[in-house]
Amino acid sequence: MISVEKDGGLWVATINRPDKANSLTPDMLEQLCDIAEAAQDARALILTGTGGVFSAGADLGAARAGLATSGVWERLSGAIAALPGLTIAALNGTAAGGALGMVLACDLRIAVPGGKIFYPVMRLGFLPQPSDPVRLSALIGPARARMILMAGQKIPVEEAAIWGLIDRITSPGDLMTDARALASDVLGAHPDHARAIKAMIR
């Protein structure tokens, strides 16, 4: 239910479980981790989904069995954040719960209109993964991070773009074209040059 397409230095990982709102099982998370950890030589990695939702987070049954608090989420976001290439979350719809961690770990986030960003850890009684509040606060500030994590607000992507959580809104038909276009300069550059610029930004 996770596919990966490799086109030269560009990797595209797609969550493909649209009948379950792309909710993630342990096996799917392991696959995503394996892809992110193997992508050291990728010049760009795009994460996206099929259907109208990027991901609803943990599969409900798996969450009840312990997935909601598993360290695999942190392993995934850490692997993405550590990549030397450009990482892009191309949100085909709502991103929720633990799935938000991989989105926050990406360098860029683009989204189609109508989606929402939310992380209902307060209501569900779970702590977010340790790096998620740090990355969220770095992007949008502590008060807005509290709006999502403590007040449980579902933020439309249009508002999230004003906040700086989403970098660009694009039409559904243009989502992947725009994501690939964002990666074009990195794909055309020497890998060491791209790595050096990313290191300077960090």
Side-chain angles (χ1 to χ4, degrees), residues 1-18 22 24 28-51 53-55 72-95 98-113 115 117 129 131-132 134-136 138-140 157 160-161 164-202:
M1 287 177 275
I2 304 293
S3 64
V4 60
E5 171 192 348
K6 300 176 185 179
D7 181 10
L10 176 63
W11 292 26
V12 179
T14 304
I15 305 169
N16 187 16
R17 198 188 184 202
N22 286 334
L24 298 164
M28 292 168 71
L29 279 167
E30 287 290 339
Q31 290 178 59
L32 284 166
C33 286
D34 290 344
I35 291 166
E37 290 166 354
Q40 291 295 317
D41 293 330
R43 297 190 186 188
L45 171 65
I46 299 172
L47 300 174
T48 193
T50 55
V53 176
F54 172 74
S55 177
V72 70
W73 302 96
E74 190 75 3
R75 176 186 162 200
L76 174 58
S77 63
I80 293 167
L83 286 173
L86 183 67
T87 53
I88 302 168
L91 304 182
N92 53 299
T94 292
L100 194 56
M102 72 178 100
V103 174
L104 294 170
C106 285
D107 298 314
L108 300 174
R109 287 155 292 279
I110 64 175
V112 301
I117 304 291
Q129 291 300 315
S131 64
D132 292 352
V134 177
R135 292 192 179 108
L136 184 61
L139 286 168
I140 63 176
V157 294
L165 181 53
I166 298 297
D167 299 303
R168 178 172 294 168
I169 304 292
T170 187
S171 69
D174 291 333
L175 179 66
M176 292 309 297
T177 299
D178 287 354
R180 290 172 184 271
L182 289 170
S184 61
D185 277 14
V186 166
L187 293 171
H190 191 281
D192 290 344
H193 185 57
R195 288 189 182 99
I197 291 177
K198 184 165 180 175
M200 291 173 75
I201 295 169
R202 284 174 174 162

Discussion item. Just to verify, which of Ile15, Thr50, Ile35, Thr14 counts as forming a side-chain contact (heavy atoms from CB on, under 4.5 Å) with Ser3?
Written reply: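 Exactly one pass, corresponding to Thr14.
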Worksheet entry | Residue from Val103, Leu47, Asp107 passing side-chain contact (heavy atoms from CB on, under 4.5 Å) with Ile80 |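 Single side-chain contact (heavy atoms from CB on, under 4.5 Å) partner of Ile80 among Val103, Leu47, Asp107: Leu47.
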According to side-chain contact (heavy atoms from CB on, under 4.5 Å), who are the partners of [X], at least two apart in sequence or on a separate chain?
X      : value
Asp7   : Arg180
Arg75  : Glu30, Cys33, Asp34, Glu37
Asp174 : Thr170, Ser171, Asp178

Could you check if a side-chain atom of [X] sits within less than 4.5 angstrom of a side-chain atom of [Y], using non-hydrogen atoms only?
X      : Y      : result
Trp73  : Leu29  : yes
Lys198 : Val186 : no
Ser77  : Leu104 : no
Leu165 : Leu136 : yes

Worksheet item: Which pair of heavy atoms, one from Ala95 and one from Phe54, lies closest together, and at what distance?
Response: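 For Ala95 and Phe54, the tightest heavy-atom pair comes out as CB-CD2, 3.9 Å.
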Fill in: Side-chain donor or acceptor of Asn16 paired with backbone N/O of Ile2 under 3.5 Å
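It does not hold such a pair.
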Fill in: From CA spacing to verdict: side-chain contact (heavy atoms from CB on, under 4.5 Å), Ile166, Leu91
CA-CA 9 Å; Ile166 298 297; Leu91 304 182; 3.8 Å; yes
Discussion item. Measuring from atom CE of Met1 to atom CG of Leu24, what distance do you get when rounded to the nearest 0.5 angstrom?
Written reply: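 Nearest 0.5 Å value for the CE-CG distance: 9.5 Å.
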Discussion item. Other residues, nucleotides and ligands only: do more than 12 of their heavy atoms fall within 6.0 Å of CG on Asp185?
Written reply: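 No, not enclosed.
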